[in-house]
Structure formats: structure tokens, C-alpha cells
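Before any comments, here is the structure.
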Amino acid sequence: MLPETRTAPLTTIAELGQHEGQAITLRCWLYNLRSSGKLLFPTFRDGTGTVQGIVPKAAVPEQVFETLKSLTLESSLTVTGRVRADVRAPSGFEIDVDDVNVGQRIPEETPYPIQLKEAGVDFLMEHRHLWLRTPRQSAILRVRATIMRAAAEYFDVHGYFRTDPPILTPNACEGTSELFEMDYFGDDKAYLTQSGQLYIEATAMALGKVYSFGPTFRAEKSKTRRHLTEFWMIEPEVTYMDLDGLMDLAEAFLTHIVSRVLETHRGDLKVIGKDVAKLEAVVAPSKFPRLTYDEAHAMLLDAHERGLLPAAHVYGDDFGSPDETYISSQFEKPVMVHRYPAAVKAFYMQPDPLDATKALCVDVLAPEGYGEIIGGSQRVDDYELLKSRIEEHDLPMAAFQWYLDLRKYGSVPHSGFGMGIERCVAWICGLEHVRETIPFPRTLNRIYP
RNA sequence: UCCUGAGUAGCUCAAUGGCAGAGCAUUCGGCUGUUAACCGAAGGGUUGUAGGUUCGAGUCCUACCUCAGGAGCCA
């Protein structure tokens, strides 16, 4: 079945350091090929990294040299050779190639479309299925995988039960966002979920501490570097937790994720071009800054007076993107802004007992202008208040009967938040655009490939 | 939905209203330490689409299409 006849132990490029001086086998692709007369410098990639091989014409059989010399980029092959440390190599190691076995050779007539040189966004997105193979994109996906694992891991080890809400829903969860609508057996409409929050409030009442982790859909025609129409969200929901407890949770949660990334992805972060010091500052032993909405508002007014913001923030309004960018740029750590005016927030948020015009909510703004990565709140737990909120927001009461039931039968204070995975990945990796944070991004103008 | 910008070779981009060009990629040749290698040569075009102005349009005008950046909204 497999084409090669192995003569040396199989390993990966990431683990070459454990095989210095030894003969090894790599299953890989030809990433690049340079030559200097009777010397070939093929670069191999295998999904864990890249490494350069050296092939002197005099050191290998004629057939091996000629095969590699005329091999096309991204052709698949198996390489046997010896690992040698070399200061000239970016990764510290090179392969003295002994033999190669080509799996599939790409014909010259249909060369691999993605070049090592620069390419435009449209072209790369059109070839996303191949773009993923480049070192930078591969590194991002590896970091994403760790972020997702660390996020779930945090809740798993702290006694949370994963309870996944439905993806097909009968109505808008929050009554605000544009939803993707679909026919549901003729008589009914179904909508793709924009949040599992309302459902996990129910599972929290059953299990205490729960979380959900899955895809989320927004049909808003947002066209910015921060938006996808399909993205992944992880949402904890906890009974008997107030807003302060929720902020503590968000802080511990984010610190865990960043710590895990720093543990195992320093090489990837270097490939991506992220300044690791900025992540180390996040996990340094001090608290995340916490600002009330009023304090953040004052900060924005001051910035406007000093000419740092073009528009003066209007008290009572939500913060715009430039506002969030400014606030977050003032801190090295994620900043938590809490107690927004209730009027600009969702109907289910508990009013602040000290000021009923404010909601017990928190937005966590990532550093470096990445904007809101977490939004959460303490939920309304009083039946009558929630009912009147639903009426005030012109939401269909019938659709929310089950949600009201949660306040009818043994209601307790509870809180939760949602974190968008892609914005978190964009922040941790230092990316310009969330479209690079997910294997196949869905955006306003793109659903291919 | 609104504002702004861009569509020219497979890719990245040039081209006063006057012969359609370069680099990379591909092919051929050269080079024993290259790092997006380099040097020489060849092939490669319905200039997004449809109209219009002009002796002449890649270039000017109109409409449309596609994409990008931003706003609003959001994670």
C-alpha cells in the first residue's frame, strides 16, 4: 500500500532534534527546491514543520539526484537520510539525503498554484484548501487546535459538564442579530443558532456548571477583519455565580489558554511573527484591569480631548470599534469593561442593584486592538422582570415560555459568557484578519472552497 | 445597508489617450552552501462584463459584476 520501503525509523520534522546523527525516514512534501549545479537543496514539509535537505551529486546514486532535481513543488515523497545539526539551518537541523521515494509527482503542465512569493487575498482565499499547507497557515491551525483544547480543558478539569445546545433553533435567541433561515419540513422555519446561551441556562439549572462549544452563525452583513458568518464559540454557564465571579472565571480561563499556547507553540508563534513577550505579559502574576462603563467612557472622552480619537464617545451609547481599540491599547492584559447601560445590552441581563440603568455584564477586550473576545453577564433570575423585558423588546412571548419556566421553577442567580474562538486566535497569533484563524472561513462574500 | 478603493500573463504588479511590459512561476541551459538562491534563454494576453466618447481606449464616460478595506452590528 505505502510506496516506500523504509530502511530507517519514521519520524517527523518537529522531532528531528531527538535523532541527531541518526538515519531517519520522513513522509513529506517537497516545499521548495534550490540547486547549485551539483548540489540540491530540497526543503521538505510534513505538517509539523519544514527542513532543508542536502543532496551532493557525488554522494547519492545518479537516479536519486535526477529524481529530486526534476521533482515539482508539493509533490509527495518519502525521504531517508541522516539528521545533522547545522548552524546555517533556520531550525538548527538539516537532512543529508540518502534516498527518496516519490509518491505522486505533480506534472509540469499543472504546477502547484501557490507560490512562495506574495499572493493576493482573493487568490489565496480561492485556494484556501492549498494555502493551508504554507508554514504560516499551518502554524496558525496548530495554535488554534491548542486554544480549542485548552479552552475545553479548563472547564473539563473544573467540574463543568459539556452540554451542547441545538444548532437548529425555532427563533432568534436574543432577537437582535440577523439569522440564517431555512425551511423546516414545510410548515415551520428553522434558524441556525447565533448562541447556545439560552439553552445552556437550562442545562445549568440541571447540572450546575456547564459549557457548550460549537459553531455559531450570524447572517449580518459585516465586512471587517473581525467578522465571520460562521464561527466557533465556547460558552460557560454557572448557577449561583454573580458578575464578580464571572469576571474571575474569564480571567482564569484566558490565562490558562495563553499559558498553554506559550508552553508548546513558541516555534509556531515565531513563524507567525507574534511577539511572545506580549503573551508573557498577559500571564504575568497580576490581575486583569477592570473598568466600569463609566470609567471607560471618561477614558474615551479624555482621549478625544487629547486628539487621540476622532469622535467623542456619547454617554449611554455602546462602544464602537475605534473606542474598543483605544481602551484595549491602554493595557498589556485583556481589559474587562463591566456594567454597561442596560439600554444597549441584551434583554436577559440582570440590572445592577446599585443602579438599575446599568446591566451586570462584562465585555473582555483583547489587547492590541483586537476588540471584544468575550461577552458575558449575570442573567435576570426574576420571572416578572424577565417577562416584562421580553415584552419591552417586542420578542415573541410564546417562543420564550420555556425560558421563562427556568425562572418559574426554582430560579437561582446565574451567569455565563461566550468567547469567540476566532477572535481569540487572531489576538493570540497577532493576525490582521480572522479569516486566517479557521480552516475554511465563511464570510459575507465567500463560501468557496 | 452605507462610504472608499482595486480588477492587465498562472501569481504579484507596471504602462502621458498612441507598438501589451517586468519579476516570479513553467520549460531549456549554467553554477558544490543555497535560504522567496542566483545568471542566461524561450513560451505565455479577448486588459472583469456590456455599452459609449475618440482617427485611436488598459487609460476617458455610463451601467453592471467581483473582490478588498472601513462604518453600523456583533464574538
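Quick note on labels: first sequence line is chain A, next is B, and so on, each numbered from 1.
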Exercise. Of the nucleotides B:U35, B:U32, B:A75, which has the atom closest to the A:M233 side chain?
Worked result: B:A75
Exercise. Which sits closer to the 5' end of RNA chain B, A:S36 or A:M419, going by the nucleotide each is nearest to?
Worked result: A:S36
For this session: State whether A:N445 places a side-chain N or O below 4.0 Å from either non-bridging phosphate oxygen (OP1 or OP2) of B:A68.
Result: yes
For this session: Determine whether any donor atom in the side chain of A:E109 lies under 3.5 Å from an acceptor atom in the base of B:U26, or the reverse, and answer yes or no.
Result: no
Exercise. Would A:F347 and A:F400 count as a close aromatic pair, with their ring centres under 6.0 Å?
Worked result: yes
Exercise. Looking at B:C31, does its base get a donor-acceptor pair with the side chain of A:R34 below 3.5 Å?
Worked result: no
Exercise. Of all the nucleotides listed (B:C31, B:G10, B:G33), which has the minimum atom distance to the side chain of A:Q52?
Worked result: B:G33
For this session: Specify the separation, in whole Å, of atom NZ of A:K345 and atom C1' of B:C73.
Result: 12 Å
Exercise. With respect to the phosphate group of B:C11, does any side-chain polar atom (N or O) of A:H127 fall under 4.0 Å of OP1 or OP2?
Worked result: no
Problem set entry | B:A75 to B:U1 separation - P atoms, rounded to the nearest Å | 22 Å
For this session: Tell me which of A:M125 and A:I374 sits closer to the 5' end of RNA chain B, going by the nucleotide each one is nearest to.
Result: A:M125
Exercise. Can you tell which of B:G69, B:G33, B:A75 lies closest to the side chain of A:R423?
Worked result: B:A75
Problem set entry | Integer angstrom distance from the C1' of B:G48 to that of B:G40 | 36 Å
For this session: Sort out the partner of B:U32 for me: Watson-Crick or G-U wobble, both distances under 3.5 Å, none otherwise.
Result: none
For this session: Would you please indicate yes or no on a ring centroid separation below 6.0 angstrom for A:Y112 and A:Y31?
Result: no
Exercise. B:U49 and B:C55: how far apart are their P atoms, nearest whole angstrom?
Worked result: 25 Å
Seminar exercise, completed: Winner on side-chain proximity to A:K117, out of B:C74, B:G23, B:C67, is B:G23
Exercise. Which listed nucleotide (B:A75, B:C73, B:U12) is nearest to the side chain of A:F123?
Worked result: B:U12
Problem set entry | P-based separation of B:G51 from B:G44 [nearest Å] | 28 Å
For this session: Looking only at side-chain atoms of A:A119, point me to the closest of B:U12, B:A75, B:C31.
Result: B:U12
Exercise. Rounding to the closest angstrom, what is the interatomic distance between B:C39 and B:G23 at atom P?
Worked result: 10 Å
Problem set entry | Separation of the P atoms in B:A41 and B:U53, to the nearest angstrom | 45 Å
For this session: Sort out the partner of B:G18 for me: Watson-Crick or G-U wobble, both distances under 3.5 Å, none otherwise.
Result: B:C55
For this session: Please confirm whether any donor atom in the side chain of A:S222 sits under 3.5 Å from an acceptor in the base of B:C73, or the reverse.
Result: yes
For this session: Have a look at A:R226 and say if it touches a base, only the backbone sugar-phosphate, or nothing, with a 4.0 Å heavy-atom cut-off.
Result: base
Exercise. Starting at CH2 of A:W232 and ending at C1' of B:C74, how long is that distance when rounded to a whole Å?
Worked result: 20 Å
For this session: For A:K223, answer base if it contacts any base atom (sugar-phosphate contacts may also be present), sugar-phosphate if it contacts only those atoms, and nothing otherwise; contact means non-hydrogen atoms under 4.0 Å.
Result: base
Exercise. Is the A:F253 to A:F417 ring centre distance short of 6.0 Å?
Worked result: yes
Exercise. Is any NZ, NE, NH1 or NH2 atom of the basic residue among A:D122 and A:R446 found under 4.0 Å from an Asp or Glu carboxylate oxygen of the other?
Worked result: yes
For this session: Tell me yes or no: between the side chains of A:Q197 and A:E237, is some donor less than 3.5 Å from an acceptor?
Result: no
For this session: Answer with base, sugar-phosphate or nothing: what part of the nucleic acid does A:E235 contact at a heavy-atom distance below 4.0 Å?
Result: nothing
Exercise. Hey, is A:F231 stacking on B:A75? Ring centres under 5.5 Å, planes under 30°.
Worked result: yes
Exercise. When the C1' atoms of B:A25 and B:G43 are considered, how many whole Å apart are they?
Worked result: 13 Å
Seminar exercise, completed: Checking N1-N3 plus N6-O4 or O6-N4 for Watson-Crick, or N1-O2 and O6-N3 for wobble, each under 3.5 Å, the partner of B:U27 is B:A41
For this session: Establish, yes or no, whether a centroid distance under 6.0 Å links the rings of A:F319 and A:Y340.
Result: yes
For this session: Using the C1' atoms only, state how far B:G17 lies from B:C60, rounded to an integer number of Å.
Result: 8 Å
For this session: Could you check which of B:C74, B:G33, B:C31 has an atom nearest any side-chain atom of A:S321?
Result: B:C74
Exercise. Quick one: is B:A71 close enough that its OP1 or OP2 comes under 4.0 Å of any side-chain N or O from A:R225?
Worked result: no
Problem set entry | Residue matched to B:A9 through Watson-Crick or wobble contacts both under 3.5 angstrom | none
For this session: Could you tell me whether A:E74 and A:R45 make a salt bridge, using a distance below 4.0 angstrom between a side-chain N and a carboxylate O?
Result: yes
For this session: Record whether the side chain of A:S35 comes under 3.5 Å of the base of B:C31 through a donor-acceptor pair of N or O atoms.
Result: yes
Problem set entry | Distance-only donor-acceptor check, side chains A:S377 and A:R379, under 3.5 Å | yes
Exercise. Now, which nucleotide makes the Watson-Crick or G-U wobble pair with B:A68, with each of the two distances under 3.5 Å?
Worked result: B:U4
Exercise. In whole angstrom, what separates A:F319's CZ from B:A75's P?
Worked result: 15 Å
Problem set entry | Presence of A:R218 side-chain N/O under 4.0 Å of B:G72 phosphate oxygens OP1/OP2 | no
